[in-house]
Amino acid sequence: MMLRLLSASSRMLSCAAPRNPGQVVGSRGLAASASAAPVVHKISAAPMVYVSGEEMTRYTMQLVLDKWVHPHVDTSKWDFYDLRAKNRDDTEDQVLRDVIAAGNKLKAIFKEPTITPTAGQVKRLGLKKAWGSPNGAMRRGWNGITISRDTIHIDGVELGYKNPVFFERHAVGGEYSAGYKLTGRGKLTTTFVPEGCTDAEAIVVDQRDIVDAQNAVVTYHNPYDNVYHLARIFFGRCLAAGITPYVVTKKTVFKWQEPFWQIMKEVFDADYKAKFVEAKIMAPGAELTHFLSDAATMKLVVWTDGGFGMAAHNYDGDVLTDELAQVHMSPGFITSNLVGVDEHGVLIKEFEASHGTVTDMDDARLRGEETSLNPLGMVEGLMGAMNHAADIHGGADEVHPYTAKLRAVIHKLFREGRGTRDLCGAGGLTTEQFIDAVADELKERWGAGRESRAAADLDVHVAVDRTQDPGPRGRGGARMQRTNAVKAARAAGGERARNADGMEALTPGGSGSSQTDNLVNTLHLQVAQMLAF
């Protein structure tokens, strides 16, 4: 079911792993490979957008697709797009426009890390120009409200924070959409012409003398209309998780940030304060707390018990969540989820990792050196997109158990000391070794179960068909009886699989799920019910 916002009344392909022989490349770039011819025991993934990037993360995600996904999942309904800087250049950025259009249509997107080319990369890659940030274009194209960045937790593994930490980063505005000119000496006047007015009615925003020989003149704005939506998403998530919310600005110096705080406080006081008190998250009489960004940087370091959330402007949110990732072991243990909305009020969710393309590691890989990239942040994004797509377009009963099992297998290997070196030290696995270890475990615990289930389904179909009358009414009865029998066999098979592997994570929210496992599958559904725009 589509989640609706309620009304007021309510880096490079040459660096990537070789493609499979059957993989098709069209104008959009990468297309589905192994899943072009579905196998009986594969689950069917719901339609979504898959955006491939470049450098080390592209290489790693191709391994993930080839060894974790395609053997078990039919991805033929996915729309694949190649967002390498070279492909953007070759298509005059049409590929980016296509991604945005597809995201508006399907509402569920997974994106690998990409690059925004520097002057050096423009020259090295032979680009015509330095193309702008694809992330910024997507946030604008999907009417981005917030970028939710949360800690990932693994039961039995000590990372940085003991309990979940949530962060809402305003998805639009600030320096990321700034216009600028490099200038010399002169006079600078910034004016604003209100809608419906003439130039003669322009308002002077700022006027100053520019006295240096070299200057950067920058103009940007912070849109605040959707901060009401951000507030409801943030406070709703914190309430559902039982954690304390805080708002971060630098409003004492940057006076224009005052409205952000005022809107957040207005929504909290009106709609959430009593609920936080009732849930015993906040004491009676307690007020929503504001932190200056300077203070927030210190809180992130010392509050290692976790159990709190922060919301901030676009730039502050970017910087503070980088710090959050470092405290919580590495960026590989942080999620990143853009929440936007289409013109009809339907939520659009784009999932990615909170880190970049890991250029230095890719350079090492190309030199033939060992690498150890933790893919968990990216894979959490992929699983999030798959789950969201299934919730919207159908198939959650198959997709959610697969993603829960994949998560459980990854977590199990980290607990056993068979993870990547960012967590397990020098004795940890290389990029490829970790991919293979998860693939082997997943095949044993999920693939074998699916093959047994497919065989059981076939036995049931044959047995039922032999007992039914061949007439029209009999065929209908056979279909009904077959469906019921298959459901019963699958239910029994699923229970057996869970008892056999002992991981209790065949379905989301099982007793073996971690704190994050339990939260991820429910929070946005709960929040959607609380939104009252």
Side-chain angles (χ1 to χ4, degrees), residues 3 5 48-53 81 83 85 88 93-117 130-150 166-180 218-234 237 257 260 263 311-322 334-357 377-378 381 384-385 388 524 527 531 533:
L3 303 179
L5 301 179
M48 67 176 229
V49 179
Y50 188 108
V51 182
S52 64
Y81 294 86
L83 209 59
R88 294 181 63 191
D93 230 10
Q94 182 60 46
V95 63
L96 178 56
R97 293 187 287 274
D98 290 345
V99 165
I100 293 171
N104 274 308
K105 176 183 176 182
L106 297 179
K107 318 300 181 191
I109 308 99
F110 169 72
K111 176 184 169 294
E112 297 175 6
T114 54
I115 66 171
T116 301
W131 298 94
S133 168
N135 289 341
M138 291 174 186
R139 292 163 193 165
R140 294 188 295 273
W142 297 325
N143 298 310
I145 299 169
T146 182
I147 303 166
S148 303
R149 289 185 170 175
D150 304 341
F166 292 174
F167 209 108
E168 299 295 345
R169 168 189 170 190
H170 196 199
V172 292
E175 295 87 335
Y176 299 91
S177 60
Y180 77 98
V218 183
T219 303
Y220 67 83
H221 74 291
N222 285 316
Y224 285 138
D225 285 358
N226 69 2
V227 174
Y228 291 94
H229 309 338
L230 182 154
R232 292 186 174 92
I233 290 172
F234 176 54
R237 295 204 311 129
Q257 293 188 354
F260 185 90
I263 293 170
H313 281 86
N314 201 349
Y315 180 76
D316 281 350
D318 194 1
V319 174
L320 290 170
T321 53
D322 283 346
I334 301 292
T335 66
S336 186
N337 172 20
L338 169 68
V339 181
V341 60
D342 72 5
E343 67 274 19
H344 303 298
V346 179
L347 287 180
I348 301 170
K349 294 187 180 182
E350 181 252 359
F351 300 78
E352 59 180 336
S354 67
H355 56 77
T357 56
M378 292 188 291
H388 182 56
H524 282 296
V527 169
L531 299 177
F533 303 154

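Quick caveat: nothing in here was measured; it's all calculated off a predicted structure.
Taking the six-membered ring for Trp and the full ring otherwise, Phe110 and Phe351 have centroids separated by 6.0 Å or more.
Checking Ser354 against Arg149 by side-chain atom types alone, no donor-acceptor pair falls below 3.5 Å.
Scored by the ring-ring contact (aromatic ring centres under 6.0 Å, His included) test, Tyr176 finds no partners at all (sequence neighbours excluded). With sequence neighbours excluded, no residue forms a side chain to side chain donor-acceptor pair (under 3.5 Å) with Asn222. Partners of Ala130 according to the side chain to side chain contact (heavy atoms under 4.5 Å, CB included) rule, which considers only residues two or more places apart in sequence or in another chain, are Val122. Legend: residues meeting side chain to side chain donor-acceptor pair (under 3.5 Å) with Arg140, ordered by chain and number and at least two apart, are absent. For the side chain to side chain contact (heavy atoms under 4.5 Å, CB included) test, residues two or more places apart in sequence or in another chain that qualify with Ala311 are Glu168, Leu230, Phe234, Met264. The side chain to side chain donor-acceptor pair (under 3.5 Å) search around Asn104 returns none, not counting sequence neighbours.
Using a cut-off of 4.0 Å between Lys/Arg side-chain N and Asp/Glu carboxylate O, Asp342 and Lys105 are scored as not salt-bridged.
Using a 4.5 Å heavy-atom threshold, the side chains of Asn337 and Ile147 count as separate. Counting heavy atoms from C-beta on, the side chains of Ile334 and Thr321 never come closer than 4.5 Å. Counting only heavy atoms from C-beta outward, the side chains of Leu83 and Leu96 approach each other to under 4.5 Å. Counting heavy atoms from C-beta on, the side chains of Tyr180 and Thr219 never come closer than 4.5 Å. You'll find the side chain of Pro113 reaches within 4.5 Å of the side chain of Met378, heavy atoms only. At least one side-chain heavy atom of Lys111 sits under 4.5 Å from a side-chain heavy atom of Met138.
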Kindly determine whether Met48 and Ile109 satisfy side-chain contact (heavy atoms from CB on, under 4.5 Å), including the steps that lead there.
CA-CA 6 Å; Met48 67 176 229; Ile109 308 99; over 6 Å; no
Evaluate the criterion side chain to side chain donor-acceptor pair (under 3.5 Å) for residue pair His170 and Asp316; output intermediate values, then yes/no.
CA-CA 9 Å; His170 196 199; Asp316 281 350; over 6 Å; no
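Remark: the backbone N or O of Asp93 is not paired with any side-chain donor or acceptor of Arg88 at under 3.5 angstrom. Listed for the Trp142 side chain is no donor-acceptor partner under 3.5 Å among the backbone atoms of Val341. A donor-acceptor pair is defined here as one N or O able to donate and one able to accept, closer than 3.5 Å; no such pair exists between the side chain of Asn314 and the backbone of Glu175.
Interatomic distance, OG1 of Thr116 versus CG of Asn135, reported as 6.5 Å (0.5 Å rounding). Taking CG from Asp150 and CZ from Arg237, the interatomic distance works out to 4.0 Å, rounded to the nearest 0.5 Å. In this structure, NE2 in His388 is found 8.5 Å from CD1 in Ile348, a value given to the nearest 0.5 Å. Interatomic distance, Tyr228 OH to Ile233 CD1, rounded to the nearest 0.5 Å: 15.5 Å. The structure places CG of Asn143 at 10.0 Å from CG of Leu338, a figure rounded to the nearest 0.5 Å. Taking CZ of Arg139 as the reference point, atom CZ of Arg169 lies at 4.5 Å (rounded to 0.5 Å).
Here the shortest heavy-atom pairing between Pro223 and Gly173 reads CD-CA, 3.6 Å. Between Ala171 and Gly144, the closest heavy-atom pair is CB-C, 3.7 Å. Counting all heavy atoms, side chain and backbone alike, Gly141 lies closest to Ile100 at CA-CG2, 3.9 Å.
Heavy atoms from other residues, nucleotides or ligands lying under 6.0 Å from OH of Tyr224 number more than 12. Residue Tyr220 places its OH atom among more than 12 non-hydrogen atoms of other residues, nucleotides or ligands, all under 6.0 Å distant.
Exactly one of Ser52, Pro134, Ser133 qualifies for a side chain to side chain contact (heavy atoms under 4.5 Å, CB included) with Thr114. That residue is Pro134.
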